[in-house]
Amino acid sequence: MSPLLSISSQFHGITLLKSYNQEPGENSGPISITSSLTKKFKMLDLKLIRENPEAVETALARRHGGFSIKELVEIDARLRKVQSEWEALNCRSNEISELFKSGKLSGPEKESFKSETKEIKSRQGEVEEEKRVLEGQRTQLALAIPNMPGADVPDGKDEEENKIVSTWGTIPGIKNPRHHYDLGAELGIFDFERGVKIAESRFTVLMNWGAKMERALMNFMLDSHSKRGYSEVFPPILVNRNCLVGTGQLPKFADDFYKCADDELYLVPTAEVPITNLYREEVIDEADLPIYHCAYTPNFRREAGSAGKDTRGYIRQHQFNKVELVKFCTPETSADEHEKLTRDAELILEALELPYRRMLLCSGDMGFCAAKCYDLEVWFPAQDKYREISSCSVFGDFQARRANLRYKPTDGGKAKYLHTINGSGLAIGRAMAAILENNQQPDGSVRVPTVLQPYMGVSVIAAKLAAVT
RNA sequence: GGAGAGGUGGCUGAGUGGUCGAAAGCACCUUCCUGCUAAGAAGACGUACGGAGUUAAUCUGUACCGAGGGUUCGAAUCCCUCCCUCUCCGCCA
């Protein structure tokens, strides 16, 4: 069996047992990763890269993103050469220290050894400079390499080649369906103009039943997931840099986030970030796995690079609400847990009576960290197409390496990297938009899905009821 | 924001210049003993990268005591800078 087969048969792309601990250059290069993470910081398994560069290269090529480890491999080899040189010098200087320790040196001998050490130190300084540069380069390169697609991920370049796994529900036969933004504006539940006035474009104010439905959806989703065993978390919405490196958003996607001007803190782009980082740098007992969490947070994205996309309506906002599902589990169970998590997200769509389909993303369309990903797409009648409402990914140990998430196996042995999985369950704003469009009535009112009625206290949102009294 | 204390291995916690990769305790693992609301004895027990060795056992080099820099033949230990945590005060939803 080739190494590649053994690797990809787990589909997580990365061997788990092999761990690589790299010490990046201190403050060298443009990436500065602060404090404890610096030392324990890990990314793709370098050992795997050294031993099977072709296999890794082949796997990365499937992403069609122009990723290559060639430069990394070369830098790594040079670095290790420099490192041995440095170590040899250090070894000699340690020997000299030992001689001093023995206390048997004569005066002239002492002087001679002192000057030898001085020479060693100065040579070491030169080597060290080179080492530092190489380490910085290696870190930078390694952090910019995405996860390898799993073996059961179809090849493909972009979203055109994603595979439909299943579809659910009946597409409603609505004559001349109206867009959610028109309906919502008419019903007095979206105020796009004032959102812009208060913040800027792509910020929206929810009024009256809109605000209530947002809250109803949030509560319904959290309640549902809680009942299925997800423990609820309400985390900080501002996170530090290490969190974003840990879950893979940084350093590569720095333009996507809002950053505080005076503090090294970022607004979360998704609850995945704080929740996954809950256990960063920790070792969890295997007996405590799997861990299921659900969390509501507002999410903030600058949407750099999506100019002109979805400019109308409530689909692509700088601030949006989402309930997120996150799992921590052993490598053996992650494939299964991923399926179950995706199913848990689907159950929300089904409860909301929204037609949807499940897509298996092809290798070229997956996110940076994902080993495998399902997107759930909900039907938008006015657009006459399915739109993403949830993305459920399994990461293998990719995030676990970055965030140093480990577990202690029950059978003893060393701490191993665990596997992480997450998915939206669901994006709340898009869910509301989908409800508006799919449940619109000829008279311009909107039927409230049955499961939401207890949360909202009404069964229909009608124009005449639009004002909450 | 002000003042003080502190950051050491899975955890607790000693350690103020070489005998420290690091006492002790807890946890975990192995063995033995005892025998049942579990106790006792002994041993083993950090991570990473490299070299030798049968891609073994094992031996060995280097680094790591928050991070970076400095002093020194030699730093967990002394000095400087930064980060973080805790306590008290101030402010405050």
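Within every chain, numbering begins at 1; the chains are lettered A, B, ... in the order of the sequence lines, protein sequences first and strands thereafter. These values consider heavy atoms only, across backbone and side chains, with no hydrogens, waters or symmetry-generated copies.
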Rounding to a whole Å, what distance do you find between [X]:[atom1] and [N]:[atom2]?
{"X": "A:Ile284", "N": "B:A27", "atom1": "CD1", "atom2": "C1'", "result": "17 Å"}
{"X": "A:Glu128", "N": "B:G70", "atom1": "CD", "atom2": "C1'", "result": "13 Å"}
{"X": "A:Arg132", "N": "B:A63", "atom1": "CZ", "atom2": "P", "result": "16 Å"}
{"X": "A:Leu89", "N": "B:C73", "atom1": "CG", "atom2": "P", "result": "18 Å"}

Classify [X] by what it touches in the nucleic acid, base, sugar-phosphate, or nothing, heavy-atom distance under 4.0 Å.
{"X": "A:Lys121", "value": "sugar-phosphate"}
{"X": "A:Thr117", "value": "sugar-phosphate"}
{"X": "A:Lys110", "value": "nothing"}
{"X": "A:Phe100", "value": "base"}
{"X": "A:Gln83", "value": "sugar-phosphate"}

Between B:A75 and B:A39 - C1' atom distance, rounded Å: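 The same atom, C1', in both gives a distance of 44 Å.
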Distance, P atom - from B:U85 to B:U72, rounded to whole angstrom: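 Result for the P pair: 35 Å, nearest Å.
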Polar pair under 3.5 Å, donor/acceptor by atom type, side chain A:Glu87, base B:G61: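 In this structure, the two groups form a donor-acceptor pair.
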Can a side chain N or O of [X] be found less than 4.0 Å away from OP1 or OP2 on [N]?
{"X": "A:Lys408", "N": "B:C28", "value": "no"}
{"X": "A:Arg406", "N": "B:G46", "value": "no"}
{"X": "A:Asn94", "N": "B:A63", "value": "yes"}
{"X": "A:Arg92", "N": "B:U62", "value": "no"}
{"X": "A:Lys101", "N": "B:U19", "value": "yes"}

Upstream residue (5' side of RNA chain B) when A:Val283 and A:Asn90 are each assigned their closest nucleotide: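 Its nucleotide being nearer the 5' end, the pick is A:Val283.
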Near-ring test [Y]/[X], centroid separation under 6.0 angstrom:
{"X": "A:His419", "Y": "A:Phe398", "value": "no"}
{"X": "A:Phe190", "Y": "A:Tyr314", "value": "yes"}
{"X": "A:Tyr230", "Y": "A:His293", "value": "no"}

For A:Arg92, salt bridge (charged side-chain N to carboxylate O under 4.0 Å, His left out) partners two or more places apart: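 Partners of A:Arg92 by the salt bridge (charged side-chain N to carboxylate O under 4.0 Å, His left out) criterion, ordered by chain and then number, come out as A:Glu95, A:Glu116.
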Neighbour count >12 (heavy atoms, 6.0 Å) for atom NZ, A:Lys259: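 Counting other residues, nucleotides and ligands, NZ of A:Lys259 exceeds 12 neighbours.
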Pair A:Glu109-A:Ser112, side-chain donor/acceptor within less than 3.5 Å: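 No pair is found: no donor N or O on one side chain lies under 3.5 Å from an acceptor on the other.
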Side-chain donor-acceptor pair present, A:Tyr292, A:Glu337, cut-off under 3.5 Å: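 Present: a donor and an acceptor within the cut-off.
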Consecutive-pair stems (at least three Watson-Crick or G-U pairs, under 3.5 Å) that include RNA chain B: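 Stem list for RNA chain B: B:1-7 with B:83-89, B:10-12 with B:24-26, B:29-32 with B:40-43, B:46-52 with B:58-64, B:66-70 with B:78-82.
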